[in-house]
Structures are given as C-alpha cells and as structure tokens.
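For reference, the structure is listed below as structure tokens.
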Amino acid sequence: MKKIFLSLFILSTVIAFSQSSVCGQFHRKYCVTETKNGNSNWIYNAQSRSGLFNQGMTSKIRCVIYKGMDYRINVCCETTIGDKVNYKIFDAKTNELLFDNATVQNEPLFEFQSSVTRQLIIEVSVPNGATDKDKHKPMDAACVGLLIEHKVTDRQGFSKY
C-alpha cells in the first residue's frame with residue numbers, strides 16, 4: 001500500500017512539474033530589456049511569471065507594489081501568437097484601471113513609480129487570429145512572459161543637511 005501511495009505521489013509530482021515547466025522561466029530569458037553599458041539597477045521581482053496561453057485567452061495575476069520603489073513591467077510572447085499582447089493594470093482594491101498598453105500601441109514595457117503600497121491586478125490578454133504562415137491554420141498556444149523588476153526610487157531635489 002505504501003508503494004502505491006509513493007508511486008502516485010511521484011507520478012503526480014512529475015506531472016505537475018512537467019506542466020509548469022512548459023514555459024518555465026520564459027520571462028527571464030525573453031523579456032529582458034537591454035541596458036546601457038550593461039549597468040542596471042533593476043532587480044528581478046519574484047512575482048514575475050510565465051505561462052502557456054491559447055489565442056483569445058486572458059489571465060490575471062495579483063501583485064504587491066511598495067511605496068518608494070520604481071517598477072518596470074515587461075510582457076513578451078513567442079512570435080507564433082503575434083506581438084500584440086495586451087495588458088492592463090488595475091488597483092486591486094478599487095478595480096480602477098491604472099494603465100492599458102493598448103493606448104500606447106501595445107508597447108510591452110511600462111515603468112512607473114509607486115507613491116503608496118498597494119495591490120495590483122495585472123490582466124494579460126492574447127489576441128485571436130495568429131496563423132501558421134505555411135499552413136494558414138490557427139496556432140494553438142505559445143508562451144507568454146510577465147517580467148516585473150523593481151529598484152529603490154532615486155532621491156530627487158536637494159538632500160537634507
């Protein structure tokens with residue numbers, strides 16, 4: 001009986017791991033932004049994610065941003081589903097729309113400064129309509145990455161004496 005449970009546990013762990021690793025660390029490899037002279041103060045944020053998306057799919061993630069920090073959000077995807085991934089950022093408490101990259105020609109990169117600590121909801125949507133150029137068939141699915149980076153906000157103005 002113990003061998004059966006152990007076998008089932010190992011099998012379920014392998015299945016769960018293989019499903020989560022389909023896109024694995026896609027965001028770390030493909031959403032990275034070039035820096036001038038290789039110098040960057042941006043720090044990887046553990047709230048970053050990658051996922052397998054079908055065409056027309058929308059997914060949401062909740063994240064926390066902190067007062068006194070600058071944030072950079074970068075959304076990238078495999079070219080098989082096109083390059084027009086849309087994302088919106090909402091205040092989790094009020095559901096107020098704070099940013100929609102559709103208003104800036106689906107620009108994948110967004111930088112902002114946080115004046116208060118709050119929870120956000122980031123909603124990522126993949127459009128319909130991407131087709132395989134050779135066979136003219138719709139593509140099934142592709143990896144999408146959401147890279148969140150942060151750094152301490154630079155002091156502005158005169159320093160205290």
Side-chain angles (χ1 to χ4, degrees), residues 11-36 38-67 69-114 116-153:
L11 180 62
S12 64
T13 304
V14 168
I15 290 172
F17 178 73
S18 66
Q19 288 177 346
S20 68
S21 67
V22 169
C23 293
Q25 298 293 310
F26 182 84
H27 60 278
R28 280 188 179 242
K29 186 173 182 181
Y30 296 103
C31 296
V32 177
T33 306
E34 295 296 321
T35 59
K36 295 178 183 178
N39 186 9
S40 175
N41 296 332
W42 293 102
I43 300 167
Y44 174 81
N45 191 300
Q47 298 176 99
S48 301
R49 295 285 181 266
S50 293
L52 187 63
F53 279 67
N54 292 321
Q55 286 190 46
M57 185 175 172
T58 298
S59 185
K60 296 178 182 180
I61 183 172
R62 184 180 295 260
C63 69
V64 177
I65 61 168
Y66 296 95
K67 177 181 179 178
M69 302 292 284
D70 290 348
Y71 287 87
R72 179 164 66 182
I73 295 176
N74 193 356
V75 176
C76 63
C77 65
E78 291 180 313
T79 57
T80 56
I81 56 173
D83 58 354
K84 300 294 184 194
V85 174
N86 179 251
Y87 66 97
K88 298 176 182 176
I89 301 173
F90 298 92
D91 182 289
K93 195 173 193 177
T94 64
N95 208 28
E96 174 190 2
L97 177 64
L98 302 173
F99 178 75
D100 183 352
N101 79 327
T103 62
V104 289
Q105 292 77 36
N106 289 52
E107 177 65 34
L109 190 66
F110 177 57
E111 293 182 9
F112 63 97
Q113 190 176 81
S114 179
V116 295
T117 298
R118 66 164 107 177
Q119 288 190 5
L120 299 178
I121 295 174
I122 303 172
E123 178 184 280
V124 178
S125 302
V126 174
N128 283 317
T131 59
D132 184 341
K133 293 176 183 173
D134 297 332
K135 301 176 185 172
H136 301 291
K137 293 182 181 177
M139 300 302 294
D140 291 333
C143 293
V144 174
L146 169 66
L147 178 64
I148 303 171
E149 297 172 298
H150 66 273
K151 68 179 180 177
V152 176
T153 300

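A quick note: this is a predicted structure, and the numbers were derived from the prediction, not measured. These numbers come from the heavy atoms of this one structure, side chains and all, not from hydrogens, waters or symmetry mates.
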Only counting residues at least two apart or in another chain, list the ones meeting ring pair (Phe, Tyr, Trp, His ring centres under 6.0 Å) with Tyr71.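 Ring pair (Phe, Tyr, Trp, His ring centres under 6.0 Å) list for Tyr71, sorted by chain: Phe112.
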
Got a second to check how far [X]'s [atom1] is from [Y]'s [atom2], nearest 0.5 Å?
X      : Y      : atom1 : atom2 : answer
Lys88  : Thr103 : NZ    : OG1   : 10.0 Å
Asn95  : Leu97  : CG    : CG    : 9.0 Å
Ile122 : Ile89  : CD1   : CD1   : 5.0 Å

Can you pull the salt bridge (charged side-chain N to carboxylate O under 4.0 Å, His left out) pairs that have at least one residue in residues 43-54, sequence neighbours excluded?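 Residue pairs with at least one partner in residues 43-54: there are none.
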
Taken in chain and number order and not counting sequence neighbours, the residues that satisfy disulfide bond (SG atoms under 2.5 Å apart) with Cys31 are Cys76

Return the set of residues passing side-chain hydrogen bond (donor to acceptor under 3.5 Å, both in side chains) with [X] (not counting sequence neighbours), or none when no residue passes.
X      : result
Gln119 : Arg62
Ser59  : none
Ser114 : none
Asp100 : Asn86

Does any non-hydrogen side-chain atom of [Y] lie less than 4.5 Å from one of [X]?
X      : Y      : answer
Ile73  : Leu109 : no
Glu149 : Ile43  : no
Cys63  : Leu120 : yes
Val104 : Phe99  : yes
Tyr30  : Gln25  : no
Asn74  : Glu107 : no
Val126 : Val144 : yes
Phe53  : Val124 : yes

Verify disulfide bond (SG atoms under 2.5 Å apart) between Cys143 and Cys23, making sure each step is shown before the conclusion. CA-CA 6 Å; Cys143 293; Cys23 293; 2.1 Å; yes

By side-chain contact (heavy atoms from CB on, under 4.5 Å), which residues pair with [X], not counting sequence neighbours?
X      : value
Thr94  : Asp91, Glu96
Thr153 : Asp70, Gln113
Val152 : Met69

Strictly distance-based, threshold 3.5 Å: is any side-chain N or O of Ser50 a donor or acceptor partner for the main-chain N or O of Phe26?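 The answer is yes, because a donor-acceptor pair under 3.5 Å joins these two groups.
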
For Glu123, which residues count as a salt bridge (Lys or Arg N to Asp or Glu O under 4.0 Å) partner, sequence neighbours excluded? Lys60

Take a 6.0 Å sphere around OH of Tyr44 and say whether it holds more than 12 heavy atoms from other residues, nucleotides or ligands. yes

